[in-house]
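Values in this document were obtained by computation on a predicted structure and should not be read as measured data.
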Amino acid sequence: MNKIYKLVLILILVNGCSKDFDESFQASSLIKPEFNFSNYLIECNLKEGANLLNLEKFFSDLVKDAFYVDGNFDFYIYFPKASYVNKFIINIQNNSNEEIYPPFIKDLSAKGFDKIASCNFNSDKLNGIILLNYKNHNEISFNTTEILYCDYKEGFNYGTFRVAIDRFLNQMSSLKIPYSVLYLQDDNSPDRFIWINNFYKEDYSEEITELWISTVEAKEIKDEFQENAECIESDIYNSFIIN
């Protein structure tokens, strides 16, 4: 996990504030992410007697319904990278202004999901933005997801590292690594954010190490990140889009 955490520190780009902090902070606090979807991360546990085959069959049947075929939302399942899995996360990414979360929960229950798993459906609504989208990811079957729960340090916010994010994304795009990243934030918790890395190659760690980690830019990014924010939790998942 320490190796992964160090990798994540380098992958997440945040911009250190200038030394003339007082004036720049007031301006930076006015800069907000241009969110374009809402999101729920729902933590679940398999019930006793249920297994991954039951879960797979349930979701395979579920998405044949018109509610999922015609809905303007994406539906992901995250399984921890472990030999024994009884926990998972459902990620609902709503790309419309229509409220789909209550009917989604109701539909799951009506179709018997409660017999397979128990979930925390009281999850907070998050706002999200895709910072970098790998356009060909639907052509790749392998998908690893890293979810980081981070806190801004005192005096820092999204506005203080927006310019550096653009720099980071431009460099990652130029490397043409199969990679995308999402930024999530709760309106009620502006001092916290969730950063989601998606990798679409099985050897992504080796590729990033070779092309990126050893560079001068990577060291600068790590230093800037540690100056601005701290990730208090980092988890790795095998992820699947349900469609």
Taking the side chain as everything from C-beta on, heavy atoms only, tell me whether [X] gets closer than 4.5 Å to [Y].
X: Ile89; Y: Ile42; result: no
X: Asn39; Y: Asn127; result: no
X: Trp195; Y: Glu146; result: no
X: Ile242; Y: Ile77; result: yes
X: Leu41; Y: Leu184; result: yes
X: Leu132; Y: Ile130; result: no
X: Asn197; Y: Leu148; result: yes
X: Ile147; Y: Thr145; result: yes

Between Asn143 and Ser239, a side-chain donor and acceptor under 3.5 Å: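 On atom types as modelled, these side chains qualify, holding a pair under 3.5 Å.
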
Distance-only donor-acceptor check, side chains Asn238 and Lys81, under 3.5 Å: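 Yes, because at least one side-chain N or O of Asn238 sits under 3.5 Å from a partner of the opposite role on Lys81.
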
Rounded to the nearest 0.5 Å, what separation is found between the [atom1] atom of [X] and the [atom2] atom of [Y]?
X: Ile194; Y: Cys150; atom1: CD1; atom2: SG; answer: 9.0 Å
X: Leu131; Y: Ile129; atom1: CG; atom2: CD1; answer: 5.5 Å
X: Ile241; Y: Gln93; atom1: CD1; atom2: CD; answer: 8.5 Å
X: Ser180; Y: Leu169; atom1: OG; atom2: CG; answer: 11.0 Å

When the aromatic ring centroids of [X] and [Y] are compared, is their separation below 6.0 Å?
X: Phe193; Y: Tyr152; value: yes
X: Tyr76; Y: Phe240; value: no
X: Phe88; Y: Tyr237; value: no
X: Phe75; Y: Phe59; value: yes

Salt-bridge criterion met for Lys125 and Asp187 (N-O under 4.0 Å):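 Salt bridge flag = no for Asp187 with Lys125.
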
Results of side-chain hydrogen bond (donor to acceptor under 3.5 Å, both in side chains) for Ser96 - residues two or more places apart only: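 With neighbours one apart ignored, the set is Asn94.
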
Asn95 and Asp74: CA distance, side-chain angles, deciding distance, side-chain contact (heavy atoms from CB on, under 4.5 Å) verdict: CA-CA 8 Å; Asn95 304 307; Asp74 296 318; 3.4 Å; yes

Verdict with supporting geometry, Ile92 and Ile100, side-chain contact (heavy atoms from CB on, under 4.5 Å): CA-CA 9 Å; Ile92 300 296; Ile100 57 95; 3.4 Å; yes

Quick check on [X]: does its [atom1] atom have over 12 non-hydrogen neighbours (other residues, nucleotides or ligands) under 6.0 Å away?
X: Asn36; atom1: CG; result: yes
X: Lys57; atom1: NZ; result: no
X: Glu99; atom1: CD; result: yes

Checking [X] side chain against [Y] main chain: does a donor-acceptor pair fall under 3.5 Å?
X: Gln185; Y: Pro190; value: yes
X: Thr160; Y: Phe156; value: no
X: Asp107; Y: Phe104; value: no
X: Ser38; Y: Leu126; value: no

Over all atoms of both residues, closest heavy-atom pair of Phe58 and Gly112: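 Distance-wise, the nearest heavy atoms are CE1-C, 4.1 Å.
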
Test salt bridge (Lys or Arg N to Asp or Glu O under 4.0 Å) applied to Asp65 and Lys111, step by step: CA-CA 11 Å; Asp65 189 279; Lys111 289 182 168 61; 3.5 Å; yes

Could you pull out every donor-acceptor pair under 3.5 Å between side chains of residues 113-120 and any protein atom, sequence neighbours left out?
unit_1	atom_1	unit_2	atom_2	d
Asp114	OD2	Ser109	OG	2.9
Asn120	OD1	Asn122	N	3.2

Residues Leu182, Asn198; criterion side-chain contact (heavy atoms from CB on, under 4.5 Å); working and verdict: CA-CA 8 Å; Leu182 283 69; Asn198 291 308; 3.7 Å; yes

side-chain contact (heavy atoms from CB on, under 4.5 Å) between Leu108 and Leu62, worked out: CA-CA 8 Å; Leu108 285 183; Leu62 182 74; 3.7 Å; yes

Qualifying ring-ring contact (aromatic ring centres under 6.0 Å, His included) pairs, either residue in residues 36-57, two or more places apart: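 Those involving residues 36-57 are Tyr40-Tyr101.
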
